[in-house]
Amino acid sequence: MSLIGCAHRSSFSRTPMIARQDDEETPLLQRPEQQMARASPLPWDQFWIILFLQFSDSLVFQTLAPFTPQLIRDIGVTNGDESQVGHYVGILQSSYYMAQALTILHWSQLSDHIGRKPLMLTALFAIVVSMFSFGLSKTFVGLVISRAFCGAFNGSNGVIKSMVMDITDATNMPKAYSYMPLPWMLGTFVGPLVGGSLSRPVDRFPEIFGRSKLLKLYPYLLPCTVPAIFALVAWLVTYSRFKESVSTRVSLWELIKRWLLRQSYAKPFLPSSNALAISGVANSEEVSSKPLPLCALLTPKVLTVAASYVTMALFYMAFSSVLPVFYSTPIELGGLSLDPPHIGAILAVSGVAHGAFQLLFYARLHDRFGAGAIHIAGVGSGIPIIILFPVINALARVHGLGLAVWLSVGAQLSLATSLVMCYPCLALFIRAAAPNHASLGVTNGIIQLVVAGARIIGPASAASVFSYSMQEGHDKWSVYYYLMTIAFLAVGTSLLLPRDPSLWADHQ
């Protein structure tokens with residue numbers, strides 16, 4: 001839906017988005033040679049709620065990952081063909097992002113007008129409903145519908161990023177993003193353990209759940225219940241404690257009335273041309289405090305960030321999709337023959353390591369090298385990550401699951417740490433590229449829209465190519481050629497970004 005007509009953008013330097021700094025220990029979005037201001041303290045009274053929301057969101061994805069391949073086998077959609085498991089896992093994962101791609105821009109636009117809080121409450125409700133639906137589904141179609149419903153109504157991915165930008169400034173935003181891995185770390189630790197250990201509980205813990213007819217009929221309901229309960233608690237916390245971070249919001253009913261009357265959202269907000277001529281700078285500042293139209297947001301800077309973000313996300317999602325399938329695939333077909341509990345344990349340890357490293361070192365690395373260098377190093381690590389896949393399988397074929405295999409698995413997951421740090425770097429570039437503070441939500445929405453396309457293509461394509469490469473007569477290395485191509489593409493687009501977001505902010 002079209003929200004507002006094109007309007008003149010105000011000078012970025014007049015908005016509060018990029019604060020000047022003085023503390024030379026915290027360069028952040030400013031270049032070291034510039035005079036810098038002391039970093040603002042983080043608003044912990046609201047920031048802890050955002051971290052809690054992030055945990056609820058990550059818990060959902062990480063809980064499903066360990067048992068999804070086994071679930072696909074159990075429902076019989078592959079008819080016993082092991083090579084098709086990855087294909088259906090990819091379709092299931094992509095269904096969420098396909099539905100999200102259709103709605104995330106609208107959710108992000110809406111959050112700039114009615115506020116972030118109503119959108120987060122809607123997203124958390126969708127998580128609760130979809131997780132129970134997923135656990136009660138007995139067909140592949142039911143699983144797809146559950147994930148698609150969650151994707152369509154869960155706009156939290158972009159909204160949470162906007163919430164962080166709302167409550168921080170240029171001096172403390174990198175510090176805030178050094179804490180953002182903490183909930184993901186907990187989610188990647190707790191989620192795989194929940195999904196791996198609580199799936200099929202009647203078989204694993206017969207003395208506790210052996211008499212439960214419900215869990216016999218729905219063996220994956222219990223692990224789905226855990227993230228649903230956490231999402232419900234997050235809904236209550238958000239409703240009672242979170243303070244709306246958008247100051248220029250209007251009521252949803254008012255927006256609906258304007259849409260029905262075919263009125264632009266911007267008409268009540270934008271000053272007239274006469275007023276602009278009279279008041280000059282004052283009106284420029286007023287316009288800068290209001291959301292801008294889409295056509296004013298598609299700037300070269302926003303499009304550059306989108307290109308870099310989408311290629312990085314495409315690679316990360318493809319890698320994340322192939323990883324559990326690779327672990328669960330028999331060694332003779334190119335994998336490691338691991339069961340869900342072992343897969344869950346590996347993913348949990350990996351998540352903790354990634355989150356801890358980013359929590360402890362990201363802010364320091366950012367101050368030392370800058371966001372651009374960290375991002376290039378992150379996407380560059382994708383090349384050795386892919387090379388290690390066939391190396392690990394070759395070692396498993398020769399030596400079994402011995403020390404050499406586990407050292408190689410550890411090296412691969414360690415390299416993935418630098419890949420994870422690309423996300424906070426790109427968040428800083430998004431903030432610097434946004435035309436004004438009031439348009440952060442829709443700017444994030446534009447980025448998340450194109451990234452959702454990568455998340456649709458990444459899991460489905462990578463898992464399908466993996467399944468194709470396992471089939472008799474096909475090149476076993478096909479999936480690695482595919483992933484390597486994406487990795488080089490991500491490196492190429494990363495070179496389009498400046499070495500530091502402040503270079504963009506200085507030229508606004």
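Predicted, not measured: the structure shown is a model, and the values here were computed from it.
With sequence neighbours excluded, the residues that form a side chain to side chain contact (heavy atoms under 4.5 Å, CB included) with Q62 are W184, T188, P192. A search for side chain to side chain contact (heavy atoms under 4.5 Å, CB included) contacts involving S320 returns Y316, not counting sequence neighbours. Scanning for side chain to side chain donor-acceptor pair (under 3.5 Å) contacts around T68 gives an empty result, with sequence neighbours left out.
Not one N or O on the side chain of W107 forms a donor-acceptor pair closer than 3.5 Å with the backbone of M120. Here the side chain of Q54 pairs no donor or acceptor atom with the backbone of I160 at under 3.5 angstrom. Side chain of T103 to backbone of A152: a donor-acceptor contact under 3.5 angstrom is found. Of the possible donor and acceptor atoms, one in the side chain of S95 sits under 3.5 Å from a partner among the backbone N and O of L92. Judged by distance alone, with hydrogens and angles left aside, the side-chain atoms of R431 form a donor-acceptor pair with the main-chain N or O of M165 at under 3.5 Å. Using a distance-only test at 3.5 Å, with no hydrogens or angles considered, no donor-acceptor pair links the side chain of S308 to the main chain of V305. Counting only distance, with no hydrogens or angles, the side chain of S199 and the backbone of G195 share a donor-acceptor pair below 3.5 Å. The main-chain N or O of K175 is never found under 3.5 Å from a side-chain atom of H366 such that the two would form a donor-acceptor pair. Side-chain atoms of N172 come within 3.5 Å of backbone atoms of D169 as a donor-acceptor pair (strictly under, hydrogens ignored). The main-chain N or O of L217 is found under 3.5 Å from a side-chain atom of K138 such that the two form a donor-acceptor pair.
Annotation: side chain of F149 is not in contact with side chain of S133 (no heavy-atom distance under 4.5 Å). In this structure, M421 and F357 have side chains that are in contact, with non-hydrogen atoms separated by less than 4.5 Å. With a 4.5 Å cut-off on side-chain heavy atoms, V420 and Y362 do not count as touching. By the 4.5 Å heavy-atom criterion applied to side chains, Y309 and Y423 are counted as neighbours. Taking 4.5 Å as the limit, every side-chain heavy atom of F369 sits out of range of all side-chain heavy atoms of R499. At least one side-chain heavy atom of I114 sits less than 4.5 Å from a side-chain heavy atom of L119. Put simply, the side chain of T493 does not reach to within 4.5 Å of the side chain of V379, judged on heavy atoms. Annotation: side chain of Q448 is not in contact with side chain of V159 (no heavy-atom distance under 4.5 Å).
Taking OG1 of T225 as the reference point, atom CG of L198 lies at 9.5 Å (rounded to 0.5 Å). Taken from NE2 in H106 to OG in S111, the straight-line distance is 13.0 Å, to the nearest 0.5 Å. Of the inter-residue distances, the one linking C224 atom SG with L64 atom CG reads 5.5 Å to the nearest 0.5 angstrom. In this structure, CG in L426 is found 9.5 Å from OG in S494, a value given to the nearest 0.5 Å. Taken from CE in M131 to CG in L221, the straight-line distance is 9.5 Å, to the nearest 0.5 Å. Expressed to the nearest 0.5 Å, how far NE2 of H342 lies from CG of L347 amounts to 13.0 Å.
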> Under the side-chain contact (heavy atoms from CB on, under 4.5 Å) criterion, do I49 and M163 qualify, and how do the steps go?
Replying inline: CA-CA 10 Å; I49 300 177; M163 291 163 65; 5.9 Å; no
>> As a quick check of understanding, evaluate side-chain contact (heavy atoms from CB on, under 4.5 Å) for L71 and L143, giving each step before the final call.
In response: CA-CA 10 Å; L71 173 59; L143 297 175; 3.8 Å; yes
>> For V302 and I447: C-alpha separation, side-chain torsions, deciding distance, then whether side-chain contact (heavy atoms from CB on, under 4.5 Å) applies.
In response: CA-CA 8 Å; V302 172; I447 303 296; 4.2 Å; yes
> Does the pair F140 and I72 meet the rule for a side-chain contact (heavy atoms from CB on, under 4.5 Å), with working shown?
Replying inline: CA-CA 8 Å; F140 184 71; I72 295 298; 3.8 Å; yes
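Between V202 and S212, the closest heavy-atom pair is CG2-O, 4.2 Å. Taking both residues in full, the closest heavy atoms of L428 and A371 are given as CD1-CB, 4.3 Å, listed atom of the first, atom of the second, then distance. The two atoms that bring D500 and G370 nearest to each other are OD1-CA, 4.1 Å, heavy atoms only. In terms of heavy atoms, P223 sits closest to T63 at O-CG2, 3.3 Å. For the residue pair Q93 and S321, the shortest heavy atom distance occurs at OE1-OG, 3.0 Å. Counting all heavy atoms, side chain and backbone alike, I343 lies closest to P324 at CD1-O, 3.9 Å.
Pairs passing the salt bridge (charged side-chain N to carboxylate O under 4.0 Å, His left out) check and including a residue from residues 150-167, sequence neighbours excluded, read R116-D166. Applying the ring-ring contact (aromatic ring centres under 6.0 Å, His included) rule to pairs touching residues 223-243 yields F55-F230, W235-Y239, sequence neighbours excluded.
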For residues 121-129, which side-chain N or O atoms pair as donor and acceptor with protein atoms under 3.5 Å away, sequence neighbours left out?
unit_1 : atom_1 : unit_2 : atom_2 : d
T122   : OG1    : P118   : O      : 3.0

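Annotation: cation-pi pair R147/F61 present, NZ/CZ under 6.0 Å from the ring centroid and within 45° of its normal.
Taking the six-membered ring for Trp and thresholds of 30 and 60 degrees, Y220 and F67 have nearly parallel ring planes, at less than 30 degrees apart.
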